[in-house]
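In what follows, a structure is listed as structure tokens, so that the remarks can point back to it.
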Amino acid sequence: GDQGERRNDGRWRATAVARATFDPFFIGDDGPCYSLAAAETTPRISVLVVGGLMLLAHLMFMYGQLMPMWRLYYAVDLNVTLHATGTAAKTLFKEANLTNPLHIEMHEQHDVRTFTYSFAIKELWRASGLGSKFGPRLAAIVLVLFSGVWPHAKLLSLHFYWRAKVTEITRTTAFYWLSTFGKWSLADVFVVCVMIGVLNLDLHLDPRHVREGLVSEIPDAVNVFKSLYTAAEAEQLVCQKALNLTCGHLLDLKCKLCEQAIGTVYNHPGGIEALATSALEDIGTVGGGHMKLRIAGMHGIYVFSFAVVVSLLLSFFIDVLDHRARAKSARERRGQPPHGALGVTGSPGMQYYSLISNEIDGDESDHGEPTNGRRPATGSIILRDSPGSVTLIRRVSRKVWSLKQYVALVCAAWVAFLIVLLGIFAPSMERVVPGSLPNIANRILGIEWGQEYSLWSLTVVTGASGGPDFLLMATFGFFTVFGPILRALVCVIDLSVPMSKSMHRRTMTVVNFLGAFCAWEVFFVALFLVDMEMPPITNTILDSNDTPLCGIFASAGLGDSCFQVEFNVLDSFALVLLGGTLLMLVASMAVKLGFKGLDPYLDGDRGGPYCCSWCPYVLFDFDRDLRQIEAQLESAGFGVSAEDTALLEPL
């Protein structure tokens, strides 16, 4: 319930009085109030390092938001020699004014468009050619919030709680949420990584395959040509415009022959098909070529990606300093008695309840000098701290978590691990390339640009170009592949393997830390942004209105657009959704259970992380044991006397 209401509640006041009675170092529920930057456990050099890294991260984020982030380009490398060997081929070369042999060489690279952060937002907000404007404008708002506002807001909040004098639980709660949501700055980075992986199209040109494809498509090409133009239009287009023949003179034999050939095509298509086939087969070819369409990252996205990593590591470093400060504060408040000094083992929270339970059960020994060797009373709510290697359930009260619930959690951890593996390595996304030009390339060259992707294969393709793209590949791979696998594996180990208390603390810390590096939920949002950005970007590479051939192909029924790339999710993407959701729940339960059983901050097994002190209990009540203690104290007659009030005032 609400902290204020709890302090006004009789049961809460009775518990506080009892805890103060047996624990003179107890200081309220939220712990002491101090600045982490000024804490004794914080090295002075850390203050300078944290401040410098925060300023550096701000500057890097601003650089990435202002500078070009990525570019779309195509490159052509072609070196081919065509040699006419037969009569028909030589005639074709002569009439087309081509040299024999014909050498074609081309090496060029052209940027189609360069994108900055602001340009992408403007294009999404305009939503030109996208039909509905709701989706693109929503994507623009998401991009502004996650990649524009949030990176700086997160750093400012981190700096505030690093410097401000607040209670321990307030600061830990803030750091927990900042670490959890810090990865949302990666949304724009993931968009670029997906586009680099998907807009990775290659066309290998082998002249022999091109010739064979053209020969097989001659009948269909003749039919398409006849459907688009009448005989008179064809004569004007081919003879006068294409071959530059003057057909106004009666003695122009070339023009007459051209017109007769066009007439033959329309009246006897089989003959012209045979002639064209013979001409193409008589052309010898040497060499080859390669064409590619790529998206390449630029300095802006590289610096922005590095800034996100710096920001997350900075959060982790401050979390470590916060843990050290809280551990020292807890030791100072509770005195850290030796093992067995009070007759019980375990954390001070366990010792405290053992004393309380003995008093409730009628133990007559003095509160301040309990008998050495005493064990908790029968039915104790908090179990003794088991020495040696045990499973995590042995360190937690059965009033909080039953054995059946724990077995179910272990099974869920194994299922989550297997589903995460399937979701990473099974194909769950696909690239589709519709349009008239891809259809022509498929019919002539047999090229199929459609491709399926898994999270792993998408990671590999992201760094295929090498160089600085390896940074993007490493970032994408760690947050979508290695982070989830490691967290799921450590959850299984933490819940299934017996280990010492110190090892349980380490595994719990690793599970909690890896939560900031599992970003499947960010990837889901990035897919929405890609779905909004991909079609208008690729559709403008070759536009039917600007390229005459695209209009001709569209009229022939080969595709409404000239060239377009789409990125879709498959049904198997449900594995990614299910695995991500189950992993988040299992990891959250494991961490909460670890805090409950290990009590790393010596605060009575409060069951951190302290996500929300006023939120209702969801799924499981981790504070059920403490609330039962309050009820037993009240039923045992603990009240608030004048002596109790005087004792609590200085605390």
**Fill in**
When rounded to the nearest 0.5 Å, the distance separating CZ of F479 from SG of C193 is 11.0 Å

**Request:** Kindly give the heavy-atom pair with the smallest separation between L155 and L314, and that separation in Å.
**Result:** CD2-CD2, 4.4 Å

**Item:** Shortest non-hydrogen contact between A412 and L582, atoms and distance
**Value:** O-CD2, 3.9 Å

**Message:** According to salt bridge (Lys or Arg N to Asp or Glu O under 4.0 Å), does anything in residues 291-317 pair up with another residue at least two apart or in another chain? List the pairs.
**Reply:** D202-R294

**Request:** Working to the nearest 0.5 Å, report the span between CG of L178 and OH of Y161.
**Result:** 8.0 Å

**Item:** Student check: side-chain heavy atoms of M298 and R71 closer than 4.5 Å
**Value:** yes

**Message:** Quick check: do L145 and I141 have side-chain heavy atoms less than 4.5 Å from each other?
**Reply:** yes

**Request:** Show your reasoning for whether side-chain contact (heavy atoms from CB on, under 4.5 Å) applies to L529 and F190.
**Result:** CA-CA 10 Å; L529 297 176; F190 282 2; over 6 Å; no

**Item:** Side-chain heavy atoms of D531 within contact of F567, under 4.5 Å
**Value:** no

**Message:** Could you go through F317 and L313, starting from their C-alpha distance and side-chain angles, then the distance that decides it, and tell me whether this counts as side-chain contact (heavy atoms from CB on, under 4.5 Å)?
**Reply:** CA-CA 6 Å; F317 178 67; L313 292 179; over 6 Å; no

**Request:** Would you check if the side chain of Q65 reaches a backbone N or O of S147 as a donor-acceptor pair within less than 3.5 Å?
**Result:** yes

**Message:** Tell me if a side-chain donor or acceptor on W70 pairs with a main-chain N or O of I196 at a distance below 3.5 Å.
**Reply:** no

**Request:** Answer yes or no: is there a donor N or O on one side and an acceptor on the other, between the side chain of S311 and the main chain of A307, under 3.5 Å?
**Result:** no

**Item:** Under 3.5 Å: donor-acceptor pair, side chain of Y117, backbone of G148
**Value:** yes

**Request:** State the OG1-CD1 distance between T480 and I485, to the nearest 0.5 angstrom.
**Result:** 9.5 Å

**Min side-chain heavy-atom separation L143-E533 under 4.5 Å** = yes

**Prompt:** Is the number of heavy atoms from other residues, nucleotides or ligands under 6.0 Å of W414 CH2 greater than 12?
**Reply:** no

**Asked** Does CH2 in W150 sit with more than 12 non-hydrogen atoms of other residues, nucleotides or ligands closer than 6.0 Å?
**Response** yes

**Message:** So, using ring-ring contact (aromatic ring centres under 6.0 Å, His included) as the criterion, who are the partners of F523 when residues are at least two apart?
**Reply:** F476

**Request:** Measure the CZ-OH distance between R431 and Y453 for me, rounded to the nearest 0.5 Å.
**Result:** 3.5 Å

**Prompt:** Which side-chain hydrogen bond (donor to acceptor under 3.5 Å, both in side chains) pairs, counting each pair once, include a residue from residues 515-525, with sequence neighbours left out?
**Reply:** K183-E521

**Message:** Quick one: does any side-chain atom of S588 pair with a main-chain N or O of M584 as donor and acceptor, under 3.5 Å?
**Reply:** no

**Asked** Do the side chains of F134 and L138 get nearer than 4.5 Å, heavy atoms only?
**Response** yes

**Fill in**
Minimal heavy-atom distance between S305 and L472, with the atoms involved, is CB-CD2, 4.1 Å

**Asked** What pair of heavy atoms forms the shortest contact from V191 to A526, and how long is it?
**Response** CG2-O, 3.8 Å

**Asked** Once you round to the nearest 0.5 Å, how far does CG of L583 lie from CG of L578?
**Response** 11.0 Å

**L495 versus A413, closest heavy-atom pair with distance** = CD1-CB, 3.9 Å

**Request:** Show your working on side-chain contact (heavy atoms from CB on, under 4.5 Å) between V410 and T391 and close with a plain yes or no.
**Result:** CA-CA 11 Å; V410 173; T391 55; over 6 Å; no

**Asked** Is a side-chain donor or acceptor of T507 paired with a backbone partner of H504 at a separation under 3.5 angstrom?
**Response** yes

**Message:** Tell me whether the count of non-hydrogen atoms from other residues, nucleotides or ligands lying under 6.0 Å of CG in D111 goes above 12.
**Reply:** yes

**Request:** Check whether the ring centres of F524 and F573 lie less than 6.0 Å apart, and answer yes or no.
**Result:** yes

**Message:** Less than 4.5 Å apart, side chain to side chain, heavy atoms only: is that true for L156 and H58?
**Reply:** yes

**Item:** Nearest-0.5 Å distance, CG of residue D469 to OG1 of residue T475
**Value:** 11.0 Å

**Request:** For the residue pair H299 and M67, establish whether any side-chain heavy-atom pair is separated by less than 4.5 Å.
**Result:** no

**Request:** Check whether more than 12 heavy atoms from other residues, nucleotides or ligands sit under 6.0 Å from atom CZ of F306, and answer yes or no.
**Result:** no

**Prompt:** Would you say L593 and Y406 make side-chain contact, with heavy atoms under 4.5 Å?
**Reply:** yes

**Request:** Give the minimum heavy-atom separation between L455 and G423, together with the two atoms involved.
**Result:** CD1-O, 3.9 Å

